[in-house]
Amino acid sequence: MTLRMMTFSFVSREFVKKISLDCKIDRTIPEGMASGEVKQNTTTTKKRRTVELPTVDLLNTKEWKLGIATLESIEHKKKLDNAQVLIPYIFQVLKKCLQFDEQIYVEYIKQLCLTSIHNCYLKVDNVNELGANLFDIDAVVESIRTSKNPQTHHQALLLLSYIASVLPDQVLKKFMPIFTFMGNSILRLDDAYSLQIINKVIENVVPVILTASDNKSNNPAHATEGNVVEVLRVFTDAIMDIPDHRRIYLLEKLLTTLNNGHYLYVFLELMFERHVLHPEPVLEVNTVKRYNKDLKSQHASGMPKRLKLALHVCSKYPLNILVESCYKLVQFLQLMPQEKEERFPSEEARRRVQRVIKVDKITPKQFRHYKYTLLMFTSSLLSSHNTVALITKNNEYPPTHPSKLNLDEMFKNTIEEILKYTQVVTKQADVSSAQSKYWAGMLVQCYDILDKINALIDSTVFVNVIRKLLKHKTLSLRKRCLDMLNWRLQQKHIFQQEDLLKLVKPLVSLAVNSEQVTSIEAQLNQQTALISLKLFVRTIGEEHTDIFIDIVNQLMEVFEKQHEPPVTASLILCIAEMCSVLKAHTLTILPTFMPKLISCLSCHQSCDVITLGVVSSLLKVVEHLSMFMSPYLMDILAEVCVLDTASWSDTSKGVAIRTKLGYLKSKLANDIPGRVLMSSVAACYARLIASKNYQATTTLLHILGDSFSSSGFLYNNEVTDFFINALDFRVVHSDVGEDNISIVEASVISAFVKLVLKLSESNFKPLFNKLYDWAFRASNEMYKDRVITFFILTSHVAEALKSLFVLFAGVIVKDCSVILDKTQVAKHAELYLPEKEKNAILLDAVLATLLSIFTHDVHQFMTKERFNLLMQHLVDQLENKLPDYESRCRRLVQPCIVQFAASSSDDLQWKNLNYEILLKTRDNDSYVRLMSLECVLLLATKLGDNFLPLLPETVPFLAELLEDENEHVEKACHKVVQEMEQLLGEPISKYF
């Protein structure tokens, strides 16, 4: 019997499957299911009413069994007529199933109802002609909500997905419960069937959300965005629970369906919100620091998972979407108040922000963290490998290439928005003390974004963007644009010249301040525009001289007016740069520019800004127009010398001025032709002396001395005449004091020594003889002080030439002997010069000269006659009590006597010299005895073993000194004896 029943059931099913069914006939069966009643009374005491619920027994009734068999035949039936008639009755059955207390018993029936409804709709030719209320979406959504069976979920979502494609208004009413359910259940499943259902829901439901708001809102864009936020929130909330290998695919599918990725920025905003409100446990302690570090260093492995995932999603979209997202993110940031407690800029801004993040429900720290995360991620996105590669590829395309993206406007808007926000952040950083570090960090990120955009975009795009932004009414925004332009020019980015020429006119307008704005921001813009023009002329000035000559003339008109010091300095630097690049083309402005430039030094020496600008400008002009500087050279030298002797602070500007002055002095010495420089130095020297600015002559003579090393130096009579005139300073200006005389003389002699080192023997010998005649053969007694200058000069020349000077020293030996004799106070009542101080200076110079001669004597200069001529006078200096006696003895007299002995190789001469020194040890003055004793020790040290023959005659004098009445002399003698014993290697006490 059972077998017969099974056979009958199979045959009947096959029969029903092949025939065509008219649903008007079959409608009574589901109608009977919906009206069937086997009830259980349930009383609720709280509300005191009875609720009648269907029981499981209803499933065993004849009506339900027949109905289930009918639904089974309908769910996949291909031949259905009048299917729309059956739909409301099947919905009644579905609702009846939803009334069951235990849903597990009716899961199969609900699935049959959902698939049957789906099949009936598929069999209707024109679904739109059906009544709007025919489809009961509440029942379908409730079947999803009350069921835990995945198959029921799948069937319901498939039905909703289909209905969304044909009846979008029906699905729009309940789209959030649908997506909420997906986020809580099906998104977490990892099977191909679930993925297929999700795809269908996304493909069919999401477009409905995008298009449905157009007819229902005064502002469709905002309404649509609100729906998009809710849909994306479902995915962002569940993102970490979606299987890893499905995440990117599903997000890309969803965002692509949402207007081809144009809502990527909304997804990122929600990801930031999720990251801030639900930080990853491993990063809780140091999230911000590690995030900051990881984003900067581009180590994606160290980035929080959500943000790493967001960055990965971004890499799936084209460049225009990424740039648009950056723009939208910065725009969104500006809708938010600066602090959580502050008001929103507008009610619309409040609604827009509150849709993404509930500001009133988060802490101030989370609020700040959200904004910081947004900026940091934007910076990371701009510098990611994918973005850089896309921009590079787009930049490589020619303008006519079909794949070339025109991003000028988008980059302009992005830069404009970030510049606006930078102004806000700057004000907050200046005002806020409690969160100063936070705002300083935000400011760093704003600048970082600007720098990355600046570094990434193509030069042509950059120029177009900057040209538009330079017309912006906000002055600080213009200033930042100019900074970006200057940075790019300084980095030597490759520009098309025609692109740069587009910026010349707006830059000139800013540089000359054509708007006549006098605010501080306008002055900063003017300065920055002048810097830009300076960089422009350096880049393209040589190829477009006509344009920049006209600009120079305009700037000169501006220079004639009064300005603040920073603006004046920038003007000077810009004009000087143009002169250095355009060279001879700017000769017509030099007669106007150079005098005013030089006058700025004397008028503004107390202003470091202008001084630095003028010195830098002079350096530029002298470096490139040195051949045309003769009319202004004397004034330049005078001002440079005065500046160089001024005391500058250790600030950055002070250090820069000193450095630039050093370079300028070097350029004046090496680049100016010698004949031009010499006449200017002579005139400048006369001016400095007349103005009693003696210290400044040091710099002037240093420049002159350095010029002798240049390739353009040519020795002539003009040089000789200048030095003879300068060396006469001691005589001509004897009333200025010895300190000033020493300063000027030292400067002149230093320059003269540099000259001597460049002269040949044939040139030096007549020059030296001329100086000798100048010093010793003057007819007037008032010129006798020249001898002091002469011997100070010879001492320095002798030290510089070393053994070479010995060849020319013979002419001065007799004069040295005479001076040594006539400067002895004990021997002559009338000294060589009338004043003791001058005699002391002269004696020091003579001894220094002789010391150099004796030290570097390799030509047997010390003959017997010269030795005898000098010996006694040298030894007598041990008792010459001119001022500074003790210092002179140790510094000059003793070394000179020792070197004098060393320059001779005659034992007899040594013996005579030693004896004369020993005689001085019996002088009545203890200081003379002490100096003589020290000289004996130095002589023994110098001669070494050669001193042994001199020892017998030395011992009696030492014996006397060992018993000297002066304690200091006695102690010194004991020390001398000990040192001589060590030196000679044998005891000398046996001689006592």
Without hydrogens or angle criteria, can the side chains of E623 and S580 be said to hold a donor-acceptor pair below 3.5 Å? no
From CA spacing to verdict: side-chain hydrogen bond (donor to acceptor under 3.5 Å, both in side chains), S852, E799: CA-CA 6 Å; S852 293; E799 188 61 34; 3.1 Å; yes
For the residue pair H828 / D821, report whether a side-chain donor-acceptor contact shorter than 3.5 Å exists. yes
Chi angles and distances behind the ring pair (Phe, Tyr, Trp, His ring centres under 6.0 Å) call for F752, F722: CA-CA 10 Å; F752 184 82; F722 168 76; over 10 Å; no
Between A696 and T645 the two heavy atoms that sit nearest each other are CA-CG2, 3.6 Å
Please indicate whether K814 has more than 12 foreign heavy atoms, meaning atoms of other residues, nucleotides or ligands, lying under 6.0 Å from its NZ. no
Hey, are the side chains of K838 and I788 touching, using non-hydrogen atoms and a 4.5 Å cut-off? yes
Considering only NZ, NE, NH1 and NH2 on the basic side and carboxylate oxygens on the acidic side, decide whether R890 and E886 come within less than 4.0 Å. yes
Can V655 and T651 be said to form a side-chain contact (heavy atoms from CB on, under 4.5 Å), step by step? CA-CA 6 Å; V655 173; T651 61; over 6 Å; no
Are any of the side-chain heavy atoms of L771 and F723 separated by less than 4.5 Å? no
Are the side chains of V825 and E879 in contact, using a 4.5 Å heavy-atom criterion? no
Ring-face cation of R777 near Y772 (centre distance under 6.0 Å, axis angle within 45°): no
Donor-acceptor check, side chain of S887 to backbone of D884, threshold 3.5 angstrom: yes or no? no
I would like to know whether F867 and F861 meet ring pair (Phe, Tyr, Trp, His ring centres under 6.0 Å); could you show each step before the answer? CA-CA 10 Å; F867 188 90; F861 174 79; over 10 Å; no
Compare all side-chain heavy atoms of Y715 with those of F708 and state whether any distance is below 4.5 angstrom. no
Report yes or no: is the cationic atom of R888 (NZ for Lys, CZ for Arg) closer than 6.0 Å to the six-membered ring centre of Y885, at no more than 45° off its axis? no
Within 45° cone and under 6.0 Å: K784 NZ/CZ vs Y832 ring: yes
Which heavy atom of L688 sits nearest to which heavy atom of L700, and what is that distance? CD1-CD2, 4.0 Å
Note: S762 and S760 closest approach over all heavy atoms is OG-OG, 3.0 Å
Using a strict threshold of under 4.0 Å (side-chain N to carboxylate O), is an ion pair present between K920 and D876? yes
NE2/H796: more than 12 non-hydrogen atoms of other groups inside 6.0 Å: no
Nearest 0.5 Å, please: how far is CG in L939 from OG1 in T954? 8.5 Å
For a quick check under 3.5 Å, do S932 and D923 share a side-chain donor-acceptor pair by atom type? no
Would you say E916 and Q872 make side-chain contact, with heavy atoms under 4.5 Å? yes
Exactly one candidate in L704, N740, V748, V744 meets side-chain contact (heavy atoms from CB on, under 4.5 Å) with T697; the answer is V744
How about D945: does its CG atom have over 12 heavy atoms from other parts shown lying under 6.0 Å from it? no
Could you check whether any side-chain N or O of N670 sits under 3.5 Å from a backbone N or O of S666, counting only pairs where one atom can act as donor and the other as acceptor? yes
Let me see the working for N880 and Q877 under side-chain hydrogen bond (donor to acceptor under 3.5 Å, both in side chains), right down to the final yes or no. CA-CA 5 Å; N880 192 0; Q877 297 306 316; 2.9 Å; yes
S903 versus D857, side-chain donor and acceptor atoms under 3.5 Å: no
Heavy-atom pair with the smallest gap, counting every atom of V615 and L661: CG1-N, 3.9 Å
Which atom names give the shortest non-hydrogen contact between C889 and M931, and what distance separates them? CB-SD, 3.6 Å
Step by step, would you call T789 with E745 a side-chain hydrogen bond (donor to acceptor under 3.5 Å, both in side chains)? CA-CA 8 Å; T789 305; E745 266 191 359; 2.5 Å; yes
Between V787 and V846, does a side-chain contact (heavy atoms from CB on, under 4.5 Å) hold up when you go through it step by step? CA-CA 10 Å; V787 177; V846 171; over 6 Å; no
Nearest non-hydrogen partners of L831 and T823, listed with the distance: CD2-C, 4.0 Å
Give a yes or no on whether the backbone of S747 and the side-chain of S750 come within a donor-acceptor separation of less than 3.5 Å. no
Could you check whether any side-chain heavy atom of I749 comes within less than 4.5 Å of a side-chain heavy atom of L701, counting everything from C-beta outward? no
Parallel, tilted or perpendicular: which describes the rings of F768 and F790, with under 30° parallel and over 60° perpendicular? tilted
Just so I know, are the side chains of M634 and L637 near enough to count as touching, which here means a heavy-atom distance under 4.5 Å? no
Check whether any side-chain heavy atom of I812 sits under 4.5 Å from a side-chain heavy atom of T849, and report yes or no. yes
